[in-house]
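Here is the structure we will look at, set down as structure tokens.
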Amino acid sequence: MRNHRSHYLGAEEKARIEIIPMIDIMMFLLVFFMLATIKMIQGAGIHLDLPQSSTAEQLQKTVKVSIGVTKDNQLYMDAKQVSEADLVTSLKGLTNANAKVDVAIAGDEGTSYKNIVKVMDLVRQAGISSVALVTNPTT
């Protein structure tokens, strides 16, 4: 007796992996992660509610170090939590290695002015005079 299935299907086809849908998915993922990283502060992977400023300007210089200060007075240097002593030591190491170091301090909106000034003093103890405060522009 004849096999009816082979008559209708013809020769069996080998399984194929379709690559076009996989490329589409990878492109969507790439675009998604690019858009998600646009909203992050450079060098800081922590969420801070920045205060707004009507006279805020974008720095023309490249910011090499970003320091974050949270509401509960924790310090983050380039998204890594550090103590005050470690911050000064790290910044002094950078000033010895580089001729010019620019620092941007991003303070959470609930952070007291006293704590921001304290961090600025720590940066100046390390011998860095180029300090900027990060804000959101008003809309």
Side-chain angles (χ1 to χ4, degrees):
M1 202 162 142
R2 230 174 127 183
N3 187 354
H4 293 285
R5 184 174 184 182
S6 64
H7 174 70
Y8 291 113
L9 296 177
E12 288 189 32
E13 294 184 23
K14 291 184 179 181
R16 295 185 338 182
I17 297 175
E18 295 292 331
I19 196 133
I20 304 280
M22 187 169 62
I23 292 172
D24 291 342
I25 291 171
M26 294 305 290
M27 291 301 289
F28 283 123
L29 287 174
L30 178 67
V31 169
F32 171 76
F33 285 115
M34 285 176 50
L35 291 175
T37 56
I38 287 175
K39 294 293 183 181
M40 290 182 157
I41 298 172
Q42 177 188 359
I46 55 174
H47 175 70
L48 297 174
D49 293 324
L50 297 175
Q52 296 185 351
S53 171
S54 61
T55 60
E57 294 179 18
Q58 189 155 356
L59 292 176
Q60 299 299 324
K61 302 174 187 172
T62 303
V63 177
K64 295 186 174 114
V65 179
S66 179
I67 300 173
V69 184
T70 62
K71 290 179 185 176
D72 53 354
N73 303 326
Q74 293 178 346
L75 298 176
Y76 290 86
M77 180 175 165
D78 292 332
K80 296 177 187 168
Q81 188 172 0
V82 294
S83 66
E84 292 178 6
D86 291 339
L87 177 66
V88 174
T89 305
S90 298
L91 290 175
K92 281 184 180 179
L94 289 173
T95 56
N96 293 338
N98 300 329
K100 177 102 169 138
V101 178
D102 296 329
V103 175
I105 300 174
D108 205 2
E109 195 169 12
T111 304
S112 69
Y113 183 66
K114 176 182 168 183
N115 292 328
I116 299 295
V117 171
K118 185 177 182 180
V119 172
M120 290 177 75
D121 285 340
L122 292 173
V123 171
R124 289 188 183 173
Q125 278 180 3
I128 299 171
S129 60
S130 178
V131 180
L133 297 177
V134 179
T135 61
N136 280 333
T138 56
T139 54

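What you see below is based on every heavy atom in this structure, not just the backbone, and it leaves out hydrogens, waters and symmetry mates. Keep in mind that what you see is a predicted model, and the values were worked out from it rather than measured.
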Enter the distance from Leu75:CG to Thr70:OG1 here, rounded to the nearest 0.5 Å. 7.5 Å
Verdict with reasoning, Ile105 to Val134, per side-chain contact (heavy atoms from CB on, under 4.5 Å): CA-CA 6 Å; Ile105 300 174; Val134 179; over 6 Å; no
Go through the side-chain N and O atoms of Asp102 and Ser130 and say whether any donor and acceptor fall under 3.5 Å apart. yes
Under 4.5 Å between side-chain heavy atoms, hopping through other hydrophobics if needed: is there a path connecting Val131 to Val117? no
Transitive ILVMFWY side-chain link Met26 to Phe33, under 4.5 Å: yes
Are Met77 and Leu91 close enough, and set up right, to give a side-chain contact (heavy atoms from CB on, under 4.5 Å), and what steps lead you there? CA-CA 10 Å; Met77 180 175 165; Leu91 290 175; 4.1 Å; yes
Give, for atom CG of Leu87 and atom CD of Gln81, the distance between the pair rounded to the nearest 0.5 Å. 12.0 Å
Side-chain donor-acceptor contact under 3.5 Å, Asp108 with Thr111: no
Rounded to the nearest 0.5 Å, the OG atom of Ser83 sits from the CG atom of Leu122 at a distance of 10.0 Å
From CA spacing to verdict: side-chain contact (heavy atoms from CB on, under 4.5 Å), Val123, Val65: CA-CA 11 Å; Val123 171; Val65 179; over 6 Å; no
Calculate, to the nearest 0.5 Å, the distance between atoms CG and CD belonging to Asp24 and Glu18 respectively. 11.5 Å
Find the distance between CD1 (Ile116) and CG (Asp121) and round it off to the nearest 0.5 Å. 11.5 Å
If I take atom CD1 from residue Ile23 and atom CE from residue Met27, how far apart are they, to the nearest 0.5 angstrom? 9.5 Å
